[in-house]
**Student:** 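Sharing a structure below in structure tokens format, with a few things to ask.
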Amino acid sequence: MTDTRFDPSQSDGHWQLAWDKAGTFNADSNSPKPKSYVLEMFPYPSGRIHMGHVRNYAMGDVLARYKRMRGFEVLHPMGWDAFGMPAENAAMEKNVHPGGWTRQNIETMKAQLKRIGFALDWNREFATCDPEYYGHEQALFLDMYEAGLVYRRSSEVNWDPVDMTVLANEQVIDGKGWRSGAEVEKRKLDQWFLKITQFADDLLEGLGSLDDWPEKVRLMQENWIGKSTGLEFSFDLSNGDKLPVYTTRPDTIFGSSFCAIAADHPLAQSVAASDPTALEFIEECKRGGTTAAELETAEKLGFDTGITAQHPFSGEALPVFIANFVLMDYGTGAVMGVPGHDQRDFEFATKYGLPIARVVASDVADADKPFAGEAEAGDGLLVNSDFLDGKSVADAKADVIARAEAGKWGQGTTVWRLRDWGISRQRYWGTPIPFIHCAQEGGGCGVVPVPKDQLPVTLPDDVDFQTPGNPLERHPTWKHVNCPKCGGTAERETDTLDTFTNSSWYFLRFASQPDDRPFDPEEVAKWLPVEQYIGGVEHAILHLLYARFWTRALQHCGLLTLAEPFASLFTQGMVTHETYSRDVYDDGPDHPRTRFFTPAEVDRGGESASLKSDGAPVDIGRVIKMSKSKKNVVDPDNIIDTYGADAARWFMLSDSPPERDLPWSEAGIEGCGRFVQRLWRLFESADAAARGEDKTLDRKSHQTIAAVADDIEALSFNKAVARIYELTGAAEKAAPSASRNFAIRTILLLVSPMMPHLAEEAWHKADWARAGSDGLIADAAWPELDEALLVEDEVTIAIQHKGKLRDTITAPKGAAKEDLEALALASEKVQRSLDGAEVRKVIVVPDRLVNIVT
RNA sequence: GCGGGUGUGGCGGAAUGGUAGACGCCGGGGACUUAAAAUCCCCUGAUCCUAUAGAUCGUGCGAGUUCGAGUCUCGCCACCCGCACCA
């Protein structure tokens, strides 16, 4: 036996090259094997791979490699979600081209991924900024346009007047642009929309079929879609107009004591036209903040318009208020106020002294029970409600809706929270929207789609980012084209598509990549749905909902037969680390600023930490997600340099359950590095000539084969890891025998999806393990399981008395209850515990325990 | 406010209602070595103790069901995540 060490710096690259050369992980759609599509959310090429990526892809990788071992033809692709704002930000800050910056990042990150040895089919790699990709996306967009799923309308946006660009809601901080700091304006712009609301019901219904999605994600999408049913009806107003309102509680209609409309409701606008105080109130409403904290504390404010609304049943005149808590973009932008049974209405009525009537009570006898300072939104029986008295809430709802419909003054309706998807972005680095605005007099041909044979509409390269605004808009030539219809002068659409469209169909393009169309439905059908999709929970709503929508929309267009793209979804936890910081006073003694330090800059010992450079202490902060801004990051390249790819992969899979956060620790990765060497020594210690059987070890081996397979399929990698540690310990202690060699060979195969480089190295070094085959362990089959060996022939029986463990005994498996009882009572420890007490009852669970009750 | 999740040693975490703490990390002791690194072995929930043994307590808190509860039921508490004036 030689005392060698496994050297990742030699082996890792060697085997990565061997897999590349052999095309080991290239997926063949014509293979007769059953198919399995394993996919991790593709990365945005931001610069470098971080530990979160490593964890995400390590999980998918183990599954992909495992599936191959189980005889599946596996599709495990990788690509780049390459359009987006960071590239344009870099362009502005560093005066580089977004494309060049992105390509450079892709190159860096691809090299990093290759160093980790992921089993990816690089033949199918693409970046969404490739004209070949976004050209097909433009074609799909036109297909959706033809199917009536794309439209254009004027819509309000957040406009940054300094950067001259539209901001997403999350880019508006305290009413100011996140980059420029300028006061954000509301502007009306013509925007493109995708009709996702047409599929609201399908998308909601479809959630019910996604049994292998986390409950949490399904609930989040359900809430986002936000289906509600109720009554829409119109009040007759004192000024002769009609006021449509929507309510989910038509049963409480007799409790209505006012109406409230949104500040930007047309009626409010018309009132403001002749009443400056109304106008002032509306302006005040618009100034109100929209943050969670502000909303929570915001007082309910109203402005009495002097107009009244006639109650449809009682005929009573209800005052109509403009109110700050009514939203224009939900329902009709107007509500009937029922203070007794809606908390907002209650607060409003209390402030303005409006009647608060009880129309629902737990019992008819409680009809006049006062309210305890808040509205009662719960179920009960109707009271003080004329013909509804005594009915249940549900019956009363149905009754009111029926009467409204019969009287033709209202309609039972469904209202959705989901809005159509605005996909226009006034930016350069995205998919150009393939439309042309005809500029002929009298409106000309209007908005004309780019003919498909002129796709792709490519981005111009010669753009500058030193002037604010959309570079496409001010490019000297790009937008000037002829109208495809009349040939007259026309202009290209200069908006680009939201980057979420890029990630809404990439999984189809991975499965099938013809040149002449986006994908081949037959090829797609071979691979999809994705068997296991893995990514961060931050995509629970937008990306995952949009991808589901696109799949259904393409199905609607007749391009696909698939409704749901991802059969099973897994959302993994983050990689976390403590933060190190110190307050510095660079801006003067009264202006402390927190400066963060990377773990590499810090000496960490016991309770304290100090900076390596000056030896002075730093503050140790909470364990949080690794992020550049908090500098609590560990670079995968450094880790691989020190410990090798396998140790890094192993650490990502160990200890923490995959859905939970994984705290990075130096000690943890060191331990993994040691385990790699420990396994290597074990592999080296095998004695091919050893003979003889070790039944206990054989059992352990087979039990581990079964358990690790179950654990990997359940994505419980931490448990699989623990099992492998156990078998490793047992094999190390065992004397040389054929059984021990089998155990070692088993470990080699079981760890091969997790530590593929070490496994290849050992596999090729040990002839006996390969059993004559020249192949790679990456092509080896999962070890065969001997079911008979899963069962123990002897079991340990626990003996309890007074609910506590008193003794354990060993008995043959399947021993009779009477025998177990006798053995238990014969135990000296049990007798001591019994201390002569009378045995009233004995409970025997075969092969498990004996419980003596006195 | 609504919805969801989590809570077990010093730490990460295991446990079909049936021996709580598997496995790993940290720590302690020992072996090997001139020494160190590496490696190997042993110990490692708390308390008591007449200490190779034994007893009591122990899975956020309080009740309950059960022969038996980390696990099931009810009521609380804390923390985390998502949504949020959605009528």
Side-chain angles (χ1 to χ4, degrees), chain A residues 3 5 214-220 222-224 226-228 230-231 245-249 252 260 262 288 290-292 294-296 298-300 323-327 329-338 341-345 347-348 374 377 415-418 537-538 540-541 606 623 650-651 654-657 659-672 674-675 677-678 681 716 718-729 732-733 796-809 829 832-833 840-845 847-854:
Chain A
D3 182 25
R5 286 175 63 81
E215 180 71 16
K216 178 190 169 93
V217 174
R218 286 187 303 183
L219 280 166
M220 282 165 74
E222 191 180 319
N223 292 337
W224 189 261
K227 182 180 186 172
S228 84
L231 172 69
V245 297
Y246 170 74
T247 177
T248 56
R249 293 293 303 272
T252 62
T290 51
T291 66
E294 283 167 324
L295 288 178
E296 204 149 326
E299 197 180 5
K300 303 283 177 286
N324 66 345
F325 66 92
V326 181
L327 305 174
D329 59 358
Y330 183 80
T332 61
V335 299
M336 69 170 194
V338 183
H341 305 283
D342 180 284
Q343 184 57 30
R344 292 156 304 180
D345 297 347
E347 289 168 27
F348 189 80
E374 57 181 15
V415 167
W416 305 85
R417 212 183 75 103
L418 186 68
V537 73
E538 66 273 19
I541 297 174
V623 177
W650 187 252
F651 185 38
S654 304
D655 294 346
S656 285
E659 68 278 9
R660 283 206 219 165
D661 289 350
L662 173 71
W664 177 271
S665 76
E666 201 57 35
I669 184 66
E670 277 172 20
C672 293
R674 279 199 298 272
F675 184 63
Q677 299 302 335
R678 189 176 147 201
R681 285 191 300 276
S716 299
N718 57 321
K719 290 189 224 168
V721 162
R723 302 276 189 186
I724 291 169
Y725 274 119
E726 281 188 61
L727 183 57
T728 301
E732 282 170 340
K733 288 184 181 70
T796 306
I797 308 283
I799 304 170
Q800 296 182 347
H801 172 228
K802 289 188 197 161
K804 286 196 174 55
L805 182 73
R806 301 297 163 178
D807 199 3
T808 57
I809 54 173
K829 289 176 184 172
R832 204 184 314 148
S833 175
R840 292 193 358 238
K841 197 174 167 188
V842 179
I843 287 144
V844 182
V845 182
D847 297 335
R848 279 256 175 219
L849 64 68
V850 179
N851 192 359
I852 299 163
V853 186
T854 54

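Quick caveat: nothing in here was measured; it's all calculated off a predicted structure. In what follows, chains carry the letters A, B, and so on, assigned in the order in which the sequence lines appear, proteins first and then strands, with residues in each chain numbered from 1.
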**Student:** Using a 3.5 Å limit for the pairing distances, which stems of at least 3 consecutive Watson-Crick or G-U wobble pairs does RNA chain B take part in?
**Tutor:** B:1-7 with B:77-83, B:10-12 with B:23-25, B:27-31 with B:39-43, B:45-48 with B:54-57, B:60-64 with B:72-76

**Student:** A/Gln343: what forms a side chain to side chain donor-acceptor pair (under 3.5 Å) with it, not counting sequence neighbours?
**Tutor:** A/Glu347

**Student:** Please report the distance, rounded to the nearest Å, between NZ in A/Lys841 and C1' in B/G68.
**Tutor:** 11 Å

**Student:** Taking the side chain from A/Arg249 and the backbone from A/Ala377, do they hold a donor-acceptor pair closer than 3.5 Å?
**Tutor:** yes

**Student:** Name all residues meeting the side chain to side chain donor-acceptor pair (under 3.5 Å) criterion together with A/Ser228; count only those two or more places apart in sequence or in a different chain, and write none if there are none.
**Tutor:** A/Tyr246, A/Tyr330

**Student:** Closest nucleotide of RNA chain B for A/Pro663 versus for A/Glu347: which of these residues is on the 5' side?
**Tutor:** A/Pro663

**Student:** Pull up the glycosidic torsion of B/G12 and say syn or anti, syn being anything within 90° of 0.
**Tutor:** anti

**Student:** So, using side chain to side chain donor-acceptor pair (under 3.5 Å) as the criterion, who are the partners of A/Glu726 when residues are at least two apart?
**Tutor:** A/Lys700

**Student:** Nearest whole Å is fine: how far is B/A87 P from A/Leu327 CG?
**Tutor:** 10 Å

**Student:** Hey, what are the protein-to-nucleotides 53-59 of chain B N/O distances that come in under 3.5 Å?
**Tutor:**
{"unit_1": "B/G54", "atom_1": "OP1", "unit_2": "A/Lys829", "atom_2": "NZ", "d": "3.4"}
{"unit_1": "B/C57", "atom_1": "OP2", "unit_2": "A/Lys804", "atom_2": "NZ", "d": "3.4"}

**Student:** Taking only the side-chain heavy atoms of A/Lys216 (C-beta and beyond), determine which of B/C81, B/A87, B/C25 contains the nearest atom.
**Tutor:** B/C81

**Student:** What string of B, S and - do you get for nucleotides 17-22 of chain B 5' to 3' if you count protein non-hydrogen atoms under 4.0 Å?
**Tutor:** -BB--B

**Student:** My understanding is that only residues two or more places apart in sequence, or in another chain, count here; which of them pass salt bridge (charged side-chain N to carboxylate O under 4.0 Å, His left out) with A/Glu670?
**Tutor:** none

**Student:** Taking atom P of B/G68 as reference, at what distance in whole Å does atom NE2 of A/His801 sit?
**Tutor:** 12 Å

**Student:** Reckon A/Tyr246 has a side-chain N or O less than 4.0 Å from the OP1 or OP2 of B/A87?
**Tutor:** no

**Student:** Less than 4.5 Å apart, any side-chain heavy atom of A/Met336 and any of A/Thr252?
**Tutor:** yes

**Student:** Can you sort out the partners of A/Phe675 under ring-ring contact (aromatic ring centres under 6.0 Å, His included), two or more places apart, ordered by chain and number?
**Tutor:** A/Trp650, A/Tyr725

**Student:** Go through B/G12, B/A84, B/G4 for me and flag the one nearest to the A/Leu219 side chain.
**Tutor:** B/G4

**Student:** Just the atom pairs and distances: protein N or O near nucleotides 45-51 of chain B's N or O, under 3.5 Å.
**Tutor:**
none

**Student:** Please report the distance, rounded to the nearest Å, between CZ in A/Arg344 and P in B/A84.
**Tutor:** 14 Å

**Student:** Quick one: ring-ring contact (aromatic ring centres under 6.0 Å, His included) partners of A/His801, sequence neighbours excluded?
**Tutor:** none

**Student:** I'd like to check the side chain to side chain donor-acceptor pair (under 3.5 Å) partners of A/Glu222; sequence neighbours left out, ordered by chain and number.
**Tutor:** none

**Student:** When all nucleic acid strands are considered with a 4.0 Å heavy-atom cut-off, which category describes A/Val326: base, sugar-phosphate, or nothing?
**Tutor:** base

**Student:** Enumerate all atom pairs, one protein N or O and one N or O from nucleotides 37-41 of chain B, separated by less than 3.5 Å.
**Tutor:**
{"unit_1": "B/U39", "atom_1": "O3'", "unit_2": "A/Arg681", "atom_2": "NH2", "d": "3.3"}

**Student:** With the side chain of A/Val853 defined as its heavy atoms from C-beta on, choose the nearest nucleotide among B/G4, B/C83, B/C67.
**Tutor:** B/C67

**Student:** Taking the side chain of A/Arg660 as heavy atoms from C-beta outward, which of B/C85, B/G7, B/C25 is closest to it?
**Tutor:** B/G7

**Student:** Check whether any side-chain N or O of A/Ser228 sits under 4.0 Å from OP1 or OP2 of B/A87, and answer yes or no.
**Tutor:** yes

